[in-house]
2 protein chains.
Amino acid sequence: MPLDTATAAVAVDLVALTILDDELCVRVAKRQTPPFRDHWALPSRLISEEEDLFATAELELARATGLAELPVHHIEQLAAYGDPRRDPRGRVVSIAYLALVAGASTWTHTPSRRWAAVSDLLEQPAAASPLAFDHREILADGVARTRAKLEYTPLAGAFCPETFTVSELRHVYEVVWGVHLDPRNFHRKATSTPGFLAPTGSKTTRDGGRPAELYRTGDALTFHPPLTRHI
Amino acid sequence: MPLDTATAAVAVDLVALTILDDELCVRVAKRQTPPFRDHWALPSRLISEEEDLFATAELELARATGLAELPVHHIEQLAAYGDPRRDPRGRVVSIAYLALVAGASTWTHTPSRRWAAVSDLLEQPAAASPLAFDHREILADGVARTRAKLEYTPLAGAFCPETFTVSELRHVYEVVWGVHLDPRNFHRKATSTPGFLAPTGSKTTRDGGRPAELYRTGDALTFHPPLTRHI
DNA sequence: GCAAAAGTGTTAGAATTACACCCATGC
DNA sequence: GCATGGGTGTAATTCTAACACTTTTGC
């Protein structure tokens with residue numbers, strides 16, 4: 001089996017999500033060159049000889065967000081996309097990574113890079129998508145994965161600063177799932193699920209009203225029974 | 001961005017699972033050539049110019065099982081593996097696919113291809129694994145995915161023939177999860193969860209005792225609340 | 001009849017849901 | 001005081017878990 005046959009360009013594409021102004025947003029870059037010139041695209045980089053896929057995704061996250069220091073974040077592999085015609089220039093297999101980041105803000109916006117509302121990008125049918133290549137499908141997969149994992153993992157904390165209140169965490173769920181959750185029942189569920197939250201002992205009044213306990217993300221990988229987003 | 005830079009060999013690796021003699025088994029092939037000569041390896045094929053990743057996995061499943069006609073099965077993408085040193089011959093990025101198949105049997109065994117018990121392959125520590133490359137890790141990921149998806153999808157049916165009884169389905173859960181389930185509660189849960197089972201109207205006595213209803217896999221993609229494997 | 005597996009009923013406990021209600025701060 | 005959000009109590013309902021019991025076949 002000679003290894004110089006059947007090669008392809010291999011890229012890492014990034015679905016970097018954050019929450020901005022009560023909206024789930026994704027980092028996109030405007031394409032400067034054909035194909036899909038002036039369309040928005042997910043941040044992407046070809047793999048180098050030394051880096052593994054995960055490291056490549058970390059590097060691209062740092063570059064794409066344009067922040068000197070990466071904020072709290074979570075990265076995991078999403079899926080591989082390898083349709084022979086997904087890039088008109090040739091065979092490109094992309095490994096998509098899903099990143100959830102906190103601390104994004106609109107002042108990282110430039111004419112060619114921004115946080116775009118996911119709902120705006122996905123509402124168009126695939127044929128009229130403002131996104132280049134198959135990036136609409138990749139984004140949809142990333143959003144679906146995120147919605148699902150909030151049910152049974154403490155991942156929502158990745159959208160919050162280092163320490164956060166139960167309401168701030170609930171707000172993440174409400175934005176990502178697009179639902180309203182009962183604050184009292186959510187509080188009880190979050191604080192009583194082992195490994196969901198780690199108490200810090202501090203409090204804050206930044207949300208107004210009575211001071212709220214501050215937590216860190218807990219160490220559970222998954223929990224049972226899960227939270228439910230189904231009514 | 002010239003596309004002829006940074007290419008890699010791209011392969012599809014297959015974690016094909018089945019249930020044989022009350023054991024979860026995976027299809028493996030003995031390597032005839034270095035590296036890892038005489039080790040077992042997951043079925044694998046380099047992508048061709050025309051096929052997409054899913055089609056490549058289907059082709060490899062047909063080849064690896066050696067069956068003229070593929071039995072009932074389910075295939076989904078598992079993950080991509082791209083460590084630069086995972087193959088000593090050069091950079092190979094593998095997209096692993098997970099296949100669950102029914103109707104496997106020991107008469108497809110040859111000296112170089114067989115269904116091997118997953119427990120035997122995973123019980124050794126990684127350093128002493130009988131599996132080549134990073135295939136132990138890929139197999140472990142595939143088994144973990146399978147165990148998880150049995151909780152909230154009707155996927156267990158993919159291990160059964162076209163039509164099957166509730167006990168046969170329960171047997172799949174017991175083997176894959178390595179637990180004992182109460183037949184009466186399982187029966188109630190399976191038959192009352194919408195989309196889990198589709199009645200056929202037929203019965204069978206092949207398991208002995210009172211005739212049992214035969215079902216097909218239902219059309220639900222996921223269900224809530226899930227089955228639980230936690231005690 | 002007897003063994004074996006299918007399937008139903010029942011009950012205690014756990015989890016979810018929908019609220020009423022009190023608490024601690026800023027103004 | 002009063003508005004605001006934080007947090008606890010509680011009762012109705014639903015889900016789970018354990019197991020007694022009945023049904024329908026083969027032998």
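By convention in this document, chain letters (A, B, ...) are assigned in the order of the sequence lines, proteins followed by strands, and residues within each chain are numbered from 1.
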(request) When you get a sec, tell me which of dT25(C), dA17(D), dA6(C) is the closest nucleotide to the side chain of Thr205(A)? (result) dT25(C)
(request) Taking Asp52(A) for its side chain and Phe54(A) for its backbone only, find out whether a donor-acceptor pair lies under 3.5 Å. (result) yes
(request) Find the distance Lys203(B):NZ to dG26(D):P and express it as a whole number of Å. (result) 13 Å
(message) Looking at Lys189(A), I'd like to know whether one of its side-chain N or O atoms comes within less than 4.0 Å of OP1 or OP2 on dA15(C).
(response) no
(message) If I take atom CZ in residue Arg188(B) and atom P in nucleotide dG7(C), what distance separates them, rounded to the nearest angstrom?
(response) 13 Å
(request) Measure from NE2 on His180(B) to C1' on dA5(C) and round the result to the nearest Å. (result) 13 Å
(message) Nearest to the side chain of Arg184(B), heavy atoms from C-beta on, is which of dC21(D), dT16(C), dG7(D)?
(response) dC21(D)
(message) With rounding to the nearest 0.5 angstrom, report the CZ to CG distance, Arg136(A) to Leu42(A).
(response) 12.5 Å
(request) Report the distance from atom CG of Leu181(A) to atom P of dC19(C), rounded to the nearest whole Å. (result) 15 Å
(request) Return the value, rounded to whole Å, for the distance between atom CG of Asn185(B) and atom P of dG13(C). (result) 16 Å
(request) Classify the ring geometry between His135(A) and Phe133(A) as parallel (under 30°), tilted (30 to 60°) or perpendicular (over 60°). (result) tilted
(request) From the options dT16(D), dT16(C), dG5(D), select the nucleotide whose nearest atom is closest to the side chain of Arg210(A). (result) dG5(D)
(message) What's the closest nucleotide to the side chain of Ser167(B) if the choices are dA6(C), dT25(C), dG7(C)?
(response) dA6(C)
(message) From CZ of Arg229(A) over to P of dT16(C), roughly how many Å is that when rounded to an integer?
(response) 16 Å
(request) Would you kindly check whether a donor in the side chain of Asp207(B) faces an acceptor in the base of dA6(C), or vice versa, at under 3.5 angstrom? (result) no
(request) Looking only at non-hydrogen atoms, find the nearest pair between Arg27(B) and His109(B) and report the distance. (result) NH1-CD2, 4.2 Å
(request) Return the value, rounded to whole Å, for the distance between atom CG of Leu214(B) and atom C1' of dT25(D). (result) 14 Å
(request) For His224(A) and dA14(C), give me the distance from atom NE2 to atom C1', rounded to whole Å. (result) 16 Å
(request) Could you check Thr191(A) against Gly209(A) and say which one's nearest nucleotide on DNA chain D is further toward the 5' end? (result) Gly209(A)
(message) As a test of reading the structure: which of dT25(C), dT16(C), dT25(D) is closest to the side chain of Pro225(A), going by heavy atoms?
(response) dT16(C)
(request) May I ask you to decide if the ring planes of Phe223(A) and Phe196(A) are parallel, tilted or perpendicular, using 30° and 60° as cut-offs? (result) tilted
(message) Among dG7(D), dG7(C), dG5(D), which nucleotide has an atom closest to any side-chain atom of Glu213(A)?
(response) dG7(D)
(request) With the side chain of His187(A) defined as its heavy atoms from C-beta on, choose the nearest nucleotide among dT8(D), dT25(C), dT25(D). (result) dT8(D)
(request) Taking only the side-chain heavy atoms of Asp182(A) (C-beta and beyond), determine which of dA17(D), dC19(C), dT8(C) contains the nearest atom. (result) dC19(C)
